[in-house]
Amino acid sequence: MNTRLKINWSAIPQAEFLTGDAYVAYRDPAGHYHDGLFRVFHTRVLHETDGYYYSFVAVTESRDLINWAESRILTPKDHRLNYSSPGNVIRYNDEWVLCFQTYPMNQANRFGDETARVFTVRSTDLVNWSEPELIRVKGPDVPVEEMGRMIDPYLVEDKDVPGRWWCFYKQNGASMSYSEDLQNWTYAGRMDSGENVCLLLDNDEYVLFHSPENGVGVKRSKNLKDWSDHQHLTLGQQEWEWAASRLTAGHILDLRHIAEIGKFVMFFHGSVSRKIQPKETHGNASLGLAWSDDLLHWDWPEKS
């Protein structure tokens with residue numbers, strides 16, 4: 001029997017809930033809530049003694065936003081793949097669909113090379129997942145090697161055309177493609193945006209969250225073509241040593257309709273001071289959370 005706990009916001013002790021160090025980083029959260037359980041899929045990065053950075057898609061779970069399970073790795077160890085940066089989970093044809101990227105690395109570089117692409121996996125229970133399947137966002141006739149480097153996918157259904165799904169991904173800003181079946185995709189252009197795009201609907205508008213150099217940027221549009229900038233959020237960064245270098249990758253769930261929650265919930269990652277060189281890119285990145293009633297005003301534990 002599933003246990004649904006009413007969230008006691010004042011009891012959440014701190015915004016940081018999954019803590020990185022010099023050897024492991026937690027990044028790119030993608031939240032999901034189902035049957036009383038929060039799942040936060042995320043990137044887990046390890047710097048191994050062989051000199052390689054290994055990235056994985058992992059997940060942590062909580063029923064109360066206070067007690068969190070240990071990060072559990074879901075993808076294989078292979079620096080030539082480095083599955084990472086989960087975008088979101090959608091429900092499609094009686095299955096759950098999770099999207100993420102590859103981020104292949106060599107020893108000389110901390111960043112993914114030109115072969116990075118975007119993928120989906122499917123599940124009936126949110127625990128066991130299928131083999132990754134390439135999202136051919138440039139269309140079926142474009143060879144894989146000609147698709148270009150792309151990261152940070154996110155799937156969202158068109159608000160005006162039911163059954164049409166959009167995939168946003170980081171390439172030349174935010175590129176976008178659409179599909180009626182999650183198999184055959186049509187490229188539809190690009191927009192100015194940072195990475196880690198997240199979209200939701202509010203008052204018949206698309207609200208897009210993205211990652212500029214620091215903070216979480218917010219854009220709005222009624223048609224996915226004309227966008228206006230609305231906010232730049234840094235939350236409690238000035239108070240958080242664990243996010244002093246950069247706060248970014250905001251992922252927002254609209255849970256206003258869930259009786260035991262009743263709010264928007266944001267997950268994000270932060271990293272420590274740039275003065276600590278081995279930690280500035282991947283190490284010492286941690287996951288945090290905040291919440292809002294209206295997407296304009298945000299709260300977090302011990303907010304001053």
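Computed over heavy atoms, backbone and side chain alike; hydrogens, waters and symmetry mates excluded.
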Rounded to the nearest 0.5 Å, what's the gap from CH2 on W129 to CZ on F41? Could you check?
4.5 Å
Report the distance from atom CD of Q14 to atom CH2 of W242, rounding to the nearest 0.5 Å.
8.5 Å
Sub-3.5 Å donor-acceptor pair from the side chain of Q101 to the main-chain atoms of P86, do we have one?
no
Given side chains that start at C-beta, do those of [X] and [Y] come closer than 4.5 Å, heavy atoms only?
{"X": "Y26", "Y": "S71", "result": "yes"}
{"X": "V144", "Y": "L134", "result": "yes"}
{"X": "H269", "Y": "T248", "result": "yes"}
{"X": "Y54", "Y": "M105", "result": "no"}
{"X": "I90", "Y": "Y154", "result": "no"}
{"X": "V216", "Y": "H210", "result": "no"}
{"X": "L201", "Y": "Y206", "result": "yes"}

Partner of L5 under side-chain contact (heavy atoms from CB on, under 4.5 Å), chosen from I66, L65, D64
D64
State which residue, out of V89, T120, V118, fulfils the side-chain contact (heavy atoms from CB on, under 4.5 Å) condition with C99.
T120
Does the cation-pi check pass for R91 over W96, that is, NZ or CZ under 6.0 Å from the six-membered ring centre and within 45° of its axis?
yes
R44 NZ/CZ over F56 ring centroid, <6.0 Å and within 45° of normal:
no
Who are the salt bridge (charged side-chain N to carboxylate O under 4.0 Å, His left out) partners of E157, not counting sequence neighbours?
none
Are S286 and E16 close enough that a side-chain donor and a side-chain acceptor fall under 3.5 Å?
yes
Carefully, step by step, assess H47 and Y53 under the rule ring pair (Phe, Tyr, Trp, His ring centres under 6.0 Å).
CA-CA 5 Å; H47 191 192; Y53 286 92; 4.0 Å; yes
Passing candidate, ring pair (Phe, Tyr, Trp, His ring centres under 6.0 Å) with F268, options W300, F17, W298, W240:
W240
